[in-house]
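These notes are about the structure you will find just below.
Within every chain, numbering begins at 1; the chains are lettered A, B, ... in the order of the sequence lines, protein sequences first and strands thereafter. Note that the structure is a prediction, hence the values are computed from the model and not measured.
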2 protein chains.
Amino acid sequence: MSKNKKLPGNDPDHKRIPRSVIRRLPVYLRTLDNLVKNDVEVVTSMELSERTGFTAEQIRKDLGHFGTFGTRGTGYHAEALRNELLKIIGLYEKTAVIVVGAGHLGTALLRYNVNRNPYTNVVAAFDTSPDVMGQRILDVEVLPVSRMPEVVRKHNVKAAILAVPSENVQAAADQVVKSGVEVIFNFAPIWVQAPPGVFVHNADLSIELQSLIYYATREEAFRSKGV
Amino acid sequence: MSKNKKLPGNDPDHKRIPRSVIRRLPVYLRTLDNLVKNDVEVVTSMELSERTGFTAEQIRKDLGHFGTFGTRGTGYHAEALRNELLKIIGLYEKTAVIVVGAGHLGTALLRYNVNRNPYTNVVAAFDTSPDVMGQRILDVEVLPVSRMPEVVRKHNVKAAILAVPSENVQAAADQVVKSGVEVIFNFAPIWVQAPPGVFVHNADLSIELQSLIYYATREEAFRSKGV
DNA sequence: TCATGTGAAGAGCTTCACAGCA
DNA sequence: TGCTGTGAAGCTCTTCACATGA
């Protein structure tokens with residue numbers, strides 16, 4: 001029986017901050033960014049709550065895991081808190097990312113990501129097919145897998161987005177790990193294994209869609225009675 | 001302050017099965033499908049545990065929310081359990097889905113989904129741009145938004161995948177809701193609102209990637225000491 | 001006075017441990 | 001005997017409530 005006690009390969013002892021907290025941090029970050037852009041100087045946890053949908057208490061608790069950043073009776077200095085969050089998440093310097101698999105999904109993710117995101121930067125795409133080799137997608141070059149270690153070293157690449165067919169995805173994961181990447185964001189519908197110290201997030205979109213369907217079908221009874 | 005007590009628009013009173021349980025069901029489903037394909041007749045919770053990575057107790061508890069499907073001392077009949085899961089999730093009849101936005105991401109999701117998934121079926125894509133109108137992507141036609149209500153009714157569409165630019169995504173959500181869709185799977189980096197009874201899942205890939213970066217940067221200290 | 005920061009209470013999920021049944 | 005089904009215990013995360021300090 002496989003135990004999930006300490007997910008092997010995932011977070012051996014990372015200061016024990018709940019994952020749910022970590023997932024909310026970039027939402028706070030984006031919100032603060034917008035506030036700073038609109039020249040807002042001070043923001044309360046209640047205002048952040050309105051903009052993010054999380055409760056004010058939760059926001060204060062989340063921040064409390066990392067230090068004390070506010071001023072009692074006043075709130076938080078938006079820009080200062082934004083900068084703290086950048087440091088906490090590890091996005092203070094723009095983070096280099098690679099995309100493995102330059103097919104339809106890989107290409108789309110690359111475009112999506114490059115445009116929508118001020119903190120991460122796709123520095124290269126990799127593929128094995130000669131058809132796409134050397135092509136440029138929005139300034140990003142498609143390179144052969146053999147050049148991956150060099151690129152990872154040169155740009156200090158932190159994360160790899162895997163958008164390759166299921167058959168190849170474990171090999172692709174092994175390759176990016178060997179090249180020195182620490183985080184894997186996998187879109188293939190197969191769960192990828194990685195050694196301890198490498199963090200894997202499997203985004204299995206088919207599975208997610210299927211689980212959503214559950215929430216559609218509950219009302220079937222009503223519906224067929226004719227709403 | 002926005003309270004998340006009973007997320008408005010999300011699950012007004014859905015039998016209170018934990019979301020974490022619902023997310024695991026499609027994983028069990030896929031595993032059982034593979035077993036059935038390999039002519040396995042009986043499977044124990046321990047074997048399912050090995051194949052899914054969840055603990056055997058958790059699998060038994062999860063199933064226990066919906067009834068009793070096993071035989072003590074023996075295990076579960078793989079095909080029977082597969083069929084029960086199909087009914088529970090609501091996938092017993094192939095579920096019709098639409099894709100809104102036939103750009104790069106929409107197209108990629110459409111291809112990804114159509115191929116990889118025996119339970120859901122993309123019946124149409126919608127877009128506003130004349131450039132893509134009438135095109136076919138893997139047998140799926142790109143239609144004008146005006147035809148959405150008709151298509152949703154005809155195919156009994158349950159879910160909509162939104163892959164439109166942020167500026168248009170709330171309008172797109174309003175449109176699919178008006179057309180009768182009950183579940184929204186949104187890929188735009190903006191959280192979409194929907195009326196009660198409509199279930200929204202926001203898959204904000206930039207935010208997810210950013211939160212993963214957190215797990216890369218923790219070891220920075222080691223790394224710069226030269227591993 | 002007002003909003004943060006934080007122990008304590010509560011809710012939600014997971015794991016344990018074993019009774020129950022083929 | 002062996003594996004399921006399930007209360008109880010345990011753990012994690014969220015919410016409450018208020019002391020604290022600008």
Please produce a list of atom pairs where a protein N or O lies less than 3.5 Å from an N or O of nucleotides 9-13 of chain D.
none

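- Partners of B:T71 under the side-chain contact (heavy atoms from CB on, under 4.5 Å) rule, at least two apart in sequence or in another chain, are B:T74.
- In this view, A:S211 satisfies the side-chain hydrogen bond (donor to acceptor under 3.5 Å, both in side chains) rule with no residue, not counting sequence neighbours.
- For C:dA3, the OP1/OP2 oxygens have no side-chain nitrogen or oxygen of A:S45 closer than 4.0 Å.
- With rounding to whole Å, A:I59 atom CD1 is found 9 Å from C:dT4 atom P.
- B:I22 places its CD1 atom 14 Å from the C1' atom of C:dG12, with the value rounded to the nearest Å.
- In this view, A:D204 and B:R30 satisfy the side-chain hydrogen bond (donor to acceptor under 3.5 Å, both in side chains) rule, not counting sequence neighbours.
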Pick out the pairs of N or O atoms, protein on one side and nucleotides 17-19 of chain D on the other, that lie under 3.5 Å.
none

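- Rounded to a whole Å, the CZ atom of A:F66 is 15 Å from the C1' atom of C:dG5.
- Taking B:V36 as the reference, B:A78, B:E79, B:R82 meet the side-chain contact (heavy atoms from CB on, under 4.5 Å) condition, with sequence neighbours excluded.
- For A:Q193, the CD atom counts as loosely surrounded, since its 6.0 Å shell holds 12 or fewer non-hydrogen atoms of other residues, nucleotides or ligands.
- Considering only side-chain N and O atoms, A:Y76 lies nowhere under 4.0 angstrom from the phosphate OP1 or OP2 of D:dA22.
- In this structure, B:R23 atom CZ and C:dG12 atom P are separated by 15 Å, rounded to whole Å.
- A residue-by-residue look at B:K61 and A:V21 shows that B:K61 has its nearest nucleotide of DNA chain D further toward the 5' end.
- Under the rule for a side-chain contact (heavy atoms from CB on, under 4.5 Å), the partners of A:A160 that lie at least two apart in sequence or sit in another chain are A:I98, A:L162, A:V176, A:V181.
- For the residue pair B:D62 / B:Y28, a side-chain donor-acceptor distance below 3.5 Å is found, with atom types taken as modelled.
- Atom CG in B:L63 sits roughly 10 Å away from atom P in D:dT4 (whole-Å rounding).
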Review item, side-chain donor-acceptor pairs of residues 38-46 of chain B, under 3.5 Å, at least two apart:
from: B:N38; atom 1: ND2; to: B:N34; atom 2: O; distance (Å): 3.1
from: B:T44; atom 1: OG1; to: B:M46; atom 2: N; distance (Å): 3.4
from: B:T44; atom 1: OG1; to: B:E47; atom 2: N; distance (Å): 3.1
from: B:S45; atom 1: OG; to: B:R60; atom 2: NH1; distance (Å): 3.1

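- Atoms NE2 (B:H77) and C1' (C:dA22) sit 16 Å apart, rounded to a whole Å.
- Counting any heavy atom pair closer than 4.0 Å across all strands shown, B:G64 reaches no nucleic acid atom.
- Here C:dA3 presents its C1' atom at 11 Å from CD of A:E47, a figure rounded to the nearest Å.
- Contact annotation: A:T71 side-chain N/O to D:dA22 OP1/OP2 distance is not under 4.0 Å.
- Candidate nucleotides C:dA8, D:dG7, D:dT4 were compared by shortest atom distance to the side chain of B:T44, and D:dT4 ranks first.
- Taking A:Q170 as the reference, A:D174 meet the side-chain hydrogen bond (donor to acceptor under 3.5 Å, both in side chains) condition, with sequence neighbours excluded.
- Per the geometry, CG belonging to B:L48 stands 12 Å off C1' belonging to D:dC3, to the nearest Å.
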